[in-house]
Protein chains: 2
Amino acid sequence: MITIKDIANAAGVSHATVSRVINNGPKVGDETRKRVKQVMQELGYRPNANARALVTQKHSALGVVVAELLDPFFATLAHGIDSVARQQNIQLLMSAGSIEKDTELQAIDTLMQHRCEAMVVHSKALDDDTLIEFAGQIPGFVLINRYIPQIAHRCVWLDNTAGGKVMTQHLLDLGHRKFAVISSRYQIDDPSERLQGIRNTLHAAGLTLDDSHIEYSSPDQKGGEHAMRHLLARGVDFTAVLAYNDAMASGAMTTLSDHGLQVPTDASIVGFDDVLLAKYCHPKLTTLHYPIEMMAVKAAELALAYARGEPTSTTHTYKYTPTLVKRDSAAQVHPR
Amino acid sequence: MITIKDIANAAGVSHATVSRVINNGPKVGDETRKRVKQVMQELGYRPNANARALVTQKHSALGVVVAELLDPFFATLAHGIDSVARQQNIQLLMSAGSIEKDTELQAIDTLMQHRCEAMVVHSKALDDDTLIEFAGQIPGFVLINRYIPQIAHRCVWLDNTAGGKVMTQHLLDLGHRKFAVISSRYQIDDPSERLQGIRNTLHAAGLTLDDSHIEYSSPDQKGGEHAMRHLLARGVDFTAVLAYNDAMASGAMTTLSDHGLQVPTDASIVGFDDVLLAKYCHPKLTTLHYPIEMMAVKAAELALAYARGEPTSTTHTYKYTPTLVKRDSAAQVHPR
DNA sequence: TACCATAAGGTATACGTTTTCCCTATTAAT
DNA sequence: ATTAATAGGGAAAACGTATACCTTATGGTA
């Protein structure tokens, strides 16, 4: 592999000069600059990124830790990050953390070994303290989909409680009074925050949500089917279902349909996330749009800005709110 | 950041010994080894991956170039690669190449700048010669979804022609004789190969496919809708539709439904890829399963093996064949 | 006892950059 | 004409690690 010295020899200058040309540094004449560039071109020089990172003590790449690449939600997230990385001509170092403590930890650790200065992390398994410590060590450490007060200016997050509120209010407005909830069984904040939003809103309307009307399951299609089967088996009385996400909502609809129940005639259902699925399942899902791509872009920009040491407002915080997308799965309550 | 020398001092050994401990090298006594490890633990030592890559002249990461992270197809691909990377405890360097010559070139170039030895590349925009040259320079250069004879042992690819054949044969078996094809307008090999398979099979059955029965459009939902609109507008007579992929098939179904036509009663339709969408659209798509995850795993393993210089069979080639998944969108031809 | 093989570990160099400090002409200022 | 400033560029150190080569005990063997 051809190095800076080869260029220096071929161009009859010192390797310092070549380095200056590469970095558009000062102290090199127009003519020399041109000649060196010419030689680099001819010899097909490719700077050694590792040597560079070593001497500058920082890796130029943007590190990304997501839970699971397969999930369309994370694909969208990755896409958002990629778009700013590409725009700023920056490489992506990506790992999947699979919502397990060890894996997430290891993913971040590897990034640190590369002396990665900017990273966007989606962590659900690690505790606040651990993340706060990382934030202290890594200039461009930004969390996505998580809010930790102590490092609020490093968090780009969704207001789940508001989401719970919006979806519930929509169903209330449609005249529904009997609710069932299909939630995620994972012990992360999101489900409980959304549930809280739901509870608050029902409470304000003079209703309460009995625990027996909540079913917990895995946050995917299968889990949705499963949860709905339980709800029906237990004879829970409802006209509206609040699902943790679109996948669960879609699964629930499958089960309803298997039992001869029509959506939205016999029951309304509202999802969360607004992934592709929501548009293509039948009936089309009324759901909450999760502006994840927008959030990902913000997170990436933030991470890179912090890494560069740019003065970013520490007071400003990055909260996003999901918005209602009305489609066909939720309708006016059907009079019995 | 704490280095190997700090460890050496604290443990009262030379930094060479510390390095040996890190790499599980020989020439270090059990006791010393333990002590050094202890110190590393205490001081929270994190090896500098850049220094390492510099001195060893190679980056340990596995490079990945895909077209577009958003596409579930590539998400699945990425997932397959990630699974082997994780298993072998290797980091992923990922870029999106977006099927543009420059971007793909730049993605590979960046990977080379990092002296990445193993890479799985999905390139549709670069020409054979360019890729052959990269293969010559990079030990672990593996192409996925592309076949180039000169570097056959570096290619993990799908037999598109066989795919075209299988889908056509299935519809023939169901009694269909009037076909329409919805293809991709991109000038890459896949569409024409699949079309070739379709043509061959029809020919063997004594039928021909008139050019007017083929509609080219962008390979997504919108493209499928658009193509089907054209087909209907032009009054093309068909009972079966062969779509380039599931997204187009799904779009085509939307248009059919908008025109009051039932699938599969009025027209059968077969997709390609078997992405999530195929299972969740309505009716469920009969399609060809693209074993992309399996292929991605193979490609990643291959890339890493080549990079390590392991003796891999140069004679063996990695061709995969899509398999038919029967669902609800294709049925016995309806008697008029 | 003398010799050698071996185990354990140290010394020093190289990897390819960036960057600080220094040197030498040339030009501008007095 | 002399000095100061500046532009252009070179020499060398540093980044953190791996490793080839060297040194020193120690134990075994003839």
Side-chain angles (χ1 to χ4, degrees), chain A residues 1-40 43-61 91 109-117 308, chain B residues 1-40 43-61 91 109-117 308:
Chain A
M1 191 101 292
I2 132 150
T3 80
I4 215 176
K5 284 182 191 161
D6 301 322
I7 306 292
N9 287 336
V13 296
S14 78
H15 68 274
T17 301
V18 178
S19 174
R20 289 195 260 260
V21 171
I22 294 171
N23 299 295
N24 281 317
K27 306 216 274 185
V28 39
D30 287 349
E31 199 159 324
T32 314
R33 194 181 295 270
K34 204 192 286 181
R35 180 155 39 95
V36 170
K37 278 189 174 168
Q38 165 91 19
V39 174
M40 294 199 317
L43 272 60
Y45 170 68
R46 233 182 283 267
N48 185 320
N50 301 124
R52 231 168 170 166
L54 174 60
V55 71
T56 59
Q57 296 281 51
K58 68 186 61 168
H59 197 111
S60 59
Q91 186 73 4
D109 190 76
T110 312
L111 256 20
M112 288 189 73
Q113 291 189 11
H114 285 273
R115 301 302 183 262
C116 199
E117 299 251 278
R308 277 191 292 265
Chain B
M1 189 98 301
I2 133 151
T3 80
I4 215 175
K5 284 183 191 160
D6 301 321
I7 306 292
N9 287 339
V13 296
S14 77
H15 66 272
T17 301
V18 178
S19 175
R20 291 187 184 110
V21 170
I22 293 172
N23 298 294
N24 280 316
K27 308 216 269 187
V28 37
D30 287 349
E31 199 159 321
T32 314
R33 193 179 296 270
K34 203 192 286 182
R35 179 155 40 93
V36 171
K37 279 189 173 167
Q38 166 91 19
V39 174
M40 293 197 322
L43 271 60
Y45 169 70
R46 235 183 283 267
N48 184 321
N50 301 126
R52 232 167 166 162
L54 174 58
V55 72
T56 59
Q57 296 281 51
K58 67 187 62 171
H59 198 109
S60 59
Q91 185 76 2
D109 191 75
T110 313
L111 256 19
M112 286 189 74
Q113 291 188 12
H114 285 275
R115 301 303 184 260
C116 200
E117 298 253 277
R308 276 193 292 264

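So that the names make sense, note that chain A is the first sequence line, chain B the second, and so on, each numbered from 1. What's counted below: heavy atoms across the whole structure, side chains too, no hydrogens, waters or symmetry copies. The shown structure was predicted, so the numbers you read here are calculated from the model rather than taken from an experiment.
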Can you tell me how far P of dT13(C) sits from NZ of Lys5(B), to the nearest Å?
13 Å

Protein-nucleic acid N or O pairs under 3.5 Å, nucleotides 4-6 of chain C:
none

Whole-Å distance separating the CD1 atom of Ile2(A) from the C1' atom of dG16(C):
12 Å

Would you kindly give the CD1-to-C1' distance between Ile7(A) and dT17(C), to the nearest whole Å?
13 Å

Determine, for nucleotides 20-25 of chain D in 5'-to-3' order, which nucleotides have protein heavy atoms under 4.0 Å from the base (write B), from only the sugar-phosphate (write S), or from neither (write -).
BBB---

Does any pair with a residue in residues 30-40 of chain A pass side-chain hydrogen bond (donor to acceptor under 3.5 Å, both in side chains), and if so which ones, sequence neighbours excluded?
Gln38(A)-Glu42(A)

Are Ile4(A) and Tyr45(A) side-chain neighbours, meaning at least one heavy-atom pair lies under 4.5 Å?
yes

Gap between atoms NE2 and C1', on His15(A) and dG10(D) respectively (whole Å)
9 Å

Please confirm whether the shortest side-chain N or O distance from Thr17(A) to OP1 or OP2 of dG10(D) is below 4.0 Å.
yes

Name every residue in residues 28-38 of chain A that has at least one heavy atom under 4.0 Å from any atom of DNA chain D, in order of residue number, or write none if there are no such residues.
Val28(A), Gly29(A), Thr32(A)

Give the rounded distance in Å between these two atoms: CE of Met1(B) and P of dT17(D).
10 Å

Between atom NE2 in His114(B) and atom C1' in dT17(C), what is the gap in whole Å?
14 Å

Base, sugar-phosphate or nothing for Ser19(A)? Non-hydrogen atoms, less than 4.0 Å.
base

How close or far is atom C1' of dG10(C) from atom CG of Asn9(B), stated in whole angstroms?
14 Å

Between Arg115(A) and Gln57(A), which heavy-atom pair has the shortest distance, and what is it?
CB-O, 4.3 Å

In terms of heavy-atom contacts, Asn48(A) and Asn50(A) come closest through OD1-N, 2.8 Å

Tell me whether the OP1 or OP2 atom of dT11(C) has a side-chain N or O from Ser14(B) closer than 4.0 Å.
no

Over how many whole Å does the gap from Ile22(A) atom CD1 to dT17(C) atom C1' extend?
8 Å

Members of residues 44-58 of chain A that approach DNA chain D, where some heavy atom sits under 4.0 Å away
Leu54(A), Val55(A), Gln57(A)

For the helix from dT1(C)-dA30(D) to dT30(C)-dA1(D), measure the angle between the helix axis at one end and the axis at the other, each built from five pairs, rounding to 10°.
50°

Hey, is the main chain of Asp6(B) close enough, under 3.5 Å, to the side chain of Asn9(B) for a donor-acceptor pair?
no

Taking every heavy atom of His59(A) against every heavy atom of Ala53(A), the minimum-distance pair comes out as CA-CB, 4.2 Å

